[in-house]
Amino acid sequence: MSEFKKWDEIYKSKLVTAAEAVSHIKSGDRVVTGHAAAEPSCLINAMADNYENYQNIEINHVVSLGEGRYVKPEMKGHFHFNGLFLGASTRKAVEEGRADYTTSFFHEMPMLFREYLPVDVALVSVSKPDKHGFVSLGPSCDYTKGIVENAKIVIAQVNSNLPRTFGDCNIHVRDIDFFVECDEKLPVSLPGKIGDVEKKIGEYCASLIKDGDTLQLGIGSIPESVLTFLWDRKDLGLHTEMASDGIVDLIEAGVINNTRKNINKGVSVTTFAMGTEKIYDFIDDNPQFQFFPVDYINDPRVISQNDNMVSINSCIQVDLMGQVVSECIGLRQFSGVGGQVDFIRGAAMSKGGRAIIAMVSTAAGGKISRIVPFIDEGAAVTTSRNDVDYVVTEYGIAKLKGKTLRDRARALIEIAHPDFRDGLKEEYERRFSEKY
Ligand code: COA
């Protein structure tokens, strides 16, 4: 029988320096890094510092708020980045052919890392161990729990600033290979500015939300704006992919109380949180806010179990048939599908559910209409015309489900920016052979 060791002895025996930990990464390995606010920067920096000792390391992750040293041109041959979502630090490298993008629904990513992209080394952030020897994945349960369970080697940065969160995101020290203690502040993602246009969009979206609804809110200023219009609602629920600052006040005020949900009743649930200290402090040691892996939270079959599920997401372009482009600007991969389709489908399958795409009617300072006759050449459709339902701009709400192509086009032209309506009407007349 092997000798019994208490968890704190096990933990101490696995404590190493960052340099020692990353010496276990070998050329040719696939290294998957922790997500968003839980990006383990000390480990990533130690790996990047050690680049001369590596050839052909593949790096994968979803959202990153870090500087992405491994995608810099001088790292060629040492690291190759293959992203499942792109952001400020990585999209240029993909555009210039120095890195790759792999497309996947967010809810399928744990499966992807098990079956298609097997993980050699997982680099993750964890909280300090609790009195029972469990560390928490903090604000990022998402695909991170899956890579911890499946990687050949798991290296964890123990950051005492990482919140300890509830749900299914705690791991025993026994199940991690190496610990590196390194405290750092969590990266911050500031909410976008809410101007008059975002306010108007928020108000239209809020008009579609009733007492007792369960909400999913995407990234950015529009979801934040929607939340400011919900103070008079009762018994809202939260089942969302991402939690940000805006929800904190509504939960504290009891507007979001999760009492009418069919599953995870009484608690707000998410798969990751990203924002400022406001949300990071709120989720710390807070049993009314729970984190679950993305193959639970984002599975459309799970989402649909709550009645009256409302999803709100944004996009880059919508064509006159209602095809939604949310991740590409022409051929340029801008972000990723993320959980948009997961939630649009989950909301569509939910009894009484509503799926909303909300966007400013123009881009590039008003020079470009986001409602277009044809999507830009090369762009991928994120949400198909069969999945789309409500489209909202600062000019109103277009309900598309159940409408003919002709009526869809009319509804979308009505909510386009007035400067672009004439051009869209011309296309309508050409396409449908009738006067607008
Ligand atoms: N043509 C050309 N450029 C466009 C454009 C268009 N139709 N629409 C937007 N852009 C440009 C903007 O000008 C802006 O450029 P900049 O970065 O140089 O300022 C950039 O694209 C981003 O546009 P914006 O609308 O400000 O982005 P956002 O931060 O509000 O994000 C999405 C919008 C659609 C990119 C983002 O929501 C996304 O990635 N969605 C897909 C994933 C998802 O929905 N996940 C589920 C929720 S968690």
Side-chain angles (χ1 to χ4, degrees), residues 35-36 62-63 83-92 95 101 103-107 109 140 142 189-195 197-198 201-202 215-226 238-244 246-247 270-275 294 297-298 300 303 310-319 323-347 355-383 387-388 391-394 416-417 420:
H35 189 224
V62 183
V63 173
L84 291 103
F85 195 92
L86 303 184
S89 64
T90 52
R91 68 174 69 96
K92 190 159 177 271
E95 217 176 310
Y101 170 72
T103 188
S104 168
F105 295 126
F106 202 4
H107 85 271
M109 286 185 196
S140 279
D142 44 62
S189 166
L190 292 172
K193 265 216 194 121
I194 305 178
V197 169
E198 289 77 12
I201 298 170
L215 309 179
Q216 174 260 333
L217 297 142
I219 305 169
S221 51
I222 294 174
E224 294 285 324
S225 166
V226 177
L238 195 72
H239 181 117
T240 191
E241 166 182 325
M242 191 192 82
S244 199
I247 47 130
T270 190
T271 200
F272 76 102
M274 188 169 79
V294 70
I297 289 290
N298 278 40
I303 296 164
V310 179
S311 75
I312 303 176
N313 292 289
S314 195
C315 77
I316 284 172
Q317 270 187 338
V318 182
D319 75 7
Q323 302 193 94
V324 179
V325 174
S326 307
E327 52 181 302
C328 298
I329 300 176
L331 256 180
R332 194 173 148 226
Q333 185 69 41
F334 184 79
S335 56
V337 52
Q340 180 165 125
V341 178
D342 297 340
F343 274 92
I344 284 183
R345 291 190 174 154
I356 302 169
I357 291 286
M359 61 181 180
V360 179
S361 66
T362 58
K367 287 196 223 80
I368 299 172
S369 174
R370 294 200 199 215
I371 297 181
V372 287
F374 304 98
I375 59 178
D376 286 354
E377 190 174 47
V381 170
T382 307
T383 293
D387 286 309
V388 73
V391 179
V392 175
T393 71
E394 68 275 28
H417 191 285
F420 297 95

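Atoms within each ligand, like the ligands themselves, are counted from 1 in listed order. Everything quoted here is computed from the prediction, not taken from an experiment.
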I'd like to check which ligand 1 atoms, numbered from 1 as shown, lie under 4.0 Å from a non-hydrogen atom of [X].
| X | result |
| --- | --- |
| I329 | 2 (C), 3 (N), 4 (C), 10 (N), 11 (C), 21 (O) |
| S314 | 34 (C), 37 (O) |
| Q317 | 7 (N) |
| N313 | 44 (O), 46 (C), 47 (C) |

Taking the non-hydrogen atoms of [X], is any one of them nearer than 4.0 angstrom to ligand 1?
| X | answer |
| --- | --- |
| V337 | yes |
| E241 | yes |
| G336 | yes |
| S335 | yes |

Flag [atom] as yes if some protein heavy-atom distance to it falls below 4.0 Å, otherwise no.
| atom | answer |
| --- | --- |
| atom 31 (O) of ligand 1 | no |
| atom 34 (C) of ligand 1 | yes |
| atom 14 (C) of ligand 1 | no |
| atom 28 (P) of ligand 1 | no |
| atom 39 (O) of ligand 1 | yes |
| atom 8 (N) of ligand 1 | yes |

Can you name the one residue among D387, V337, I344 that meets side chain to side chain contact (heavy atoms under 4.5 Å, CB included) with T382?
->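 In the set D387, V337, I344, the residue that makes a side chain to side chain contact (heavy atoms under 4.5 Å, CB included) with T382 is V337.
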
Heavy-atom distances under 4.0 Å are what count here, so tell me which part of [X] touches ligand 1: side chain, backbone, both or neither.
| X | result |
| --- | --- |
| A364 | backbone |
| I316 | both |
| F343 | neither |

Any idea which protein heavy atom is nearest [atom], and the distance to it?
| atom | value |
| --- | --- |
| atom 36 (C) of ligand 1 | S326 O, 4.4 Å |
| atom 12 (C) of ligand 1 | A363 CB, 4.6 Å |
| atom 22 (C) of ligand 1 | F334 CZ, 3.4 Å |

Minimal non-hydrogen separation, I375 against Q317, with atom names |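 Closest heavy-atom pair between I375 and Q317: CA-OE1, 3.5 Å.
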
Looking at Y101 and F85, what are the two nearest heavy atoms and their distance?
->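 Of all heavy-atom pairs spanning Y101 and F85, the closest is CE1-N, 3.9 Å.
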
Interatomic spacing from [atom1] in [X] to [atom2] in [Y] - rounded to 0.5 Å:
| X | Y | atom1 | atom2 | answer |
| --- | --- | --- | --- | --- |
| F343 | T240 | CZ | OG1 | 5.5 Å |
| H107 | R345 | NE2 | CZ | 9.0 Å |
| I297 | E241 | CD1 | CD | 10.0 Å |
| I316 | D376 | CD1 | CG | 9.5 Å |
| I312 | I201 | CD1 | CD1 | 11.5 Å |
| Q333 | R91 | CD | CZ | 9.5 Å |

Among S326, S335, S314, S311, find the one that has a side chain to side chain donor-acceptor pair (under 3.5 Å) with Q340.
->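 Exactly one pass, corresponding to S326.
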
Looking only at atom types and distance, does a side-chain atom of S221 sit under 3.5 Å from a main-chain N or O of G192, one as donor and one as acceptor?
->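 Here the side-chain-to-backbone pair does not exist.
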
Heavy-atom donor-acceptor pair, T393 side chain to M359 backbone, under 3.5 Å |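 Not confirmed, T393 side chain does not pair with M359 backbone.
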
Parallel, tilted or perpendicular: ring planes of F420 versus H417, cut at 30 and 60 degrees =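 Taking H417 first and then F420, their aromatic rings stand perpendicular (interplane angle over 60°).
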
Do any nitrogen or oxygen atoms of Q340 come within less than 3.5 Å of a nitrogen or oxygen of ligand 1?
->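 Yes.
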
R370, any N or O under 3.5 Å of ligand 1 N or O =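 Between R370 and ligand 1 (N or O atoms, distance only) the closest approach is under 3.5 Å.
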
Counting heavy atoms only, name the option from A358, G339, C328 that's nearest to atom 45 (N) of ligand 1.
->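 Among A358, G339, C328, the closest heavy atom to atom 45 (N) of ligand 1 comes from G339.
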
side-chain hydrogen bond (donor to acceptor under 3.5 Å, both in side chains) contacts touching residues 364-375 (sequence neighbours left out) |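 Counting only pairs at least two positions apart or across chains, no side-chain hydrogen bond (donor to acceptor under 3.5 Å, both in side chains) contact touches residues 364-375.
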
